[in-house]
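See below for the structure under consideration.
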Amino acid sequence: MLSSILYRTIANLLSPSGSAGRLSTLIYHRVLPDTDPIFPNEVTVERFDLQLSLLKQVFNIIPLPEAIELLKVGKLPARAASITFDDGYADNATEALPILTKHGLHATFFIATAYLNGGRMFNDTVIEAIRRCPYQNLDLGSIGLDSYEVATNQAKRQAIETILPKVKYLPIEKREKKVAELAKLATHENLPDNLMMTTAQLRMLHNSGMEIGGHTHSHPILAGLDENSVHNEITTGRDWLEQTLANKIRVFAYPNGKPGVDYLPEQANILRQLGFIGAVSTQRGSATHTSDAFQLPRFTPWQTKATRFIPMLLNNLRHSG
């Protein structure tokens with residue numbers, strides 16, 4: 001209790017109400033039922049439950065669209081924060097939603113529509129193929145990659161973390177072909193087709209009062225696309241979501257989200273023209289009244305120690321995105 005009072009006092013100083021307020025936006029991807037042996041730092045149900053409990057003791061959690069509108073006019077409440085999820089993983093509905101409901105909190109879910117209903121994102125193809133790889137070493141020289149030790153979970157994690165940046169920035173067709181070839185070389189097992197949400201799970205989130213946002217159709221690196229392709233990626237995803245949910249899609253998250261690397265600042269104008277009210281990046285920091293509403297920063301709560309969770313958020317408040 002004492003620490004919560006102290007943390008609230010500090011947060012009030014760093015993020016007062018009104019025009020001097022700052023918005024902390026948390027970014028999650030998955031909430032796992034149990035610890036992943038390859039990625040033990042991934043957020044689990046237990047950790048997410050604890051983080052929300054700690055978060056609401058210190059911060060005022062408000063829906064992201066409401067926060068954006070209040071930020072624009074300088075009327076944020078003190079210690080304002082929003083919760084977001086990227087991509088559209090099924091565990092957002094099966095694991096995260098019940099915990100959000102338990103705590104009476106709201107979140108925004110940004111959905112890459114191409115992978116719903118049995119699809120699989122390129123990064124998960126790499127992860128799940130190497131997870132199932134039975135070899136001591138995986139030679140990917142035939143597809144332009146290296147040879148990787150994969151005998152242990154730690155070695156598999158290192159291989160995955162080395163490979164993903166090499167395929168992430170390929171054009172979509174080359175990216176999908178490369179990871180499919182990798183999967184064939186890594187394992188003969190079938191890869192999971194239930195990692196992403198179904199339409200029913202998406203509707204469940206929406207009907208539970210959660211915000212659904214755009215995240216393109218096929219999760220490309222927008223910085224590498226021409227203007228027409230960027231427009232098509234955004235509108236294809238948005239239009240499918242709006243038709244499926246019979247609801248306007250108001251907010252957007254840039255895939256990968258690093259300004260100047262994964263998207264170009266001028267591409268924010270496309271979102272403005274399409275009628276979105278704001279967009280979020282993965283640039284660390286907190287947003288202020290003067291922040292571009294279409295390039296809002298977000299914070300990734302990677303800290304596994306509960307005692308460091310709120311202090312990390314307080315430190316993040318010291319930085320403008």
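These numbers were taken from a predicted model, which means no experiment stands behind them. Because only heavy atoms are used, hydrogens play no part in the values below, and waters and symmetry mates are left out as well, while side chains stay in. When a residue number appears, it is its place in the shown sequence, counting from 1.
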Determine whether Ile234 and Phe276 make a side-chain contact, defined as any pair of heavy atoms from C-beta on separated by less than 4.5 Å. yes
Donor + acceptor pair across side chains of Ser286, Arg22 (<3.5 Å): yes
So Lys166 and Asp146, salt bridge (Lys or Arg N to Asp or Glu O under 4.0 Å) or not? Walk me through it. CA-CA 11 Å; Lys166 295 182 178 181; Asp146 297 319; 2.9 Å; yes
For Ser53, does its backbone N or O pair with a side-chain atom of Gln57 as donor and acceptor, under 3.5 Å? yes
Other residues, nucleotides and ligands only: do more than 12 of their heavy atoms fall within 6.0 Å of NZ on Lys248? yes
Please say which of Arg272, Gln267, Gln273, Glu266 ends up in a side chain to side chain donor-acceptor pair (under 3.5 Å) with Asn269. Arg272
Steps toward side chain to side chain contact (heavy atoms under 4.5 Å, CB included) verdict (Val251, Ile277): CA-CA 6 Å; Val251 289; Ile277 66 168; 3.9 Å; yes
Ring centres under 6.0 Å, that's the criterion: do Phe85 and Phe48 meet it? yes
Apply side-chain hydrogen bond (donor to acceptor under 3.5 Å, both in side chains) to residues His103 and Asp49 and explain how you reach the verdict. CA-CA 8 Å; His103 289 280; Asp49 190 12; 2.6 Å; yes
Glu181 bridged to Lys184 by N-O distance under 4.0 Å: no
Nearest-0.5 Å distance, CG of residue Leu23 to CG of residue Leu317: 9.5 Å
I'd like to know whether Leu116 forms a side chain to side chain contact (heavy atoms under 4.5 Å, CB included) with Trp240, so could you lay out the CA-CA distance, the side-chain angles of the two residues, the decisive distance to 0.1 Å, and finally the verdict. CA-CA 11 Å; Leu116 302 183; Trp240 188 90; 3.6 Å; yes
How about Phe39 and Glu161: do any of their side-chain heavy atoms sit closer than 4.5 Å? yes
Hey, which of Met197, Arg120, Met121 is the one that makes side-chain contact (heavy atoms from CB on, under 4.5 Å) with Tyr115? Met121
I'd like to know whether Phe299 forms a side chain to side chain contact (heavy atoms under 4.5 Å, CB included) with Ser24, so could you lay out the CA-CA distance, the side-chain angles of the two residues, the decisive distance to 0.1 Å, and finally the verdict. CA-CA 7 Å; Phe299 172 80; Ser24 299; over 6 Å; no
With Glu211 as reference, evaluate Arg250, His106, His206 under the side chain to side chain donor-acceptor pair (under 3.5 Å) test and give the passing residue. Arg250
Tell me if the NZ atom of Lys72 is crowded by more than 12 foreign heavy atoms within 6.0 Å. yes
For Asp226, look at atom CG and say whether over 12 heavy atoms of other residues, nucleotides or ligands are found less than 6.0 Å away. yes
Does the Asn316 side chain pair with the main chain of Met312, one donor and one acceptor, at a distance under 3.5 Å? no
Take atom CD in Glu66; do more than 12 heavy atoms of anything else shown fall under 6.0 Å from it? yes
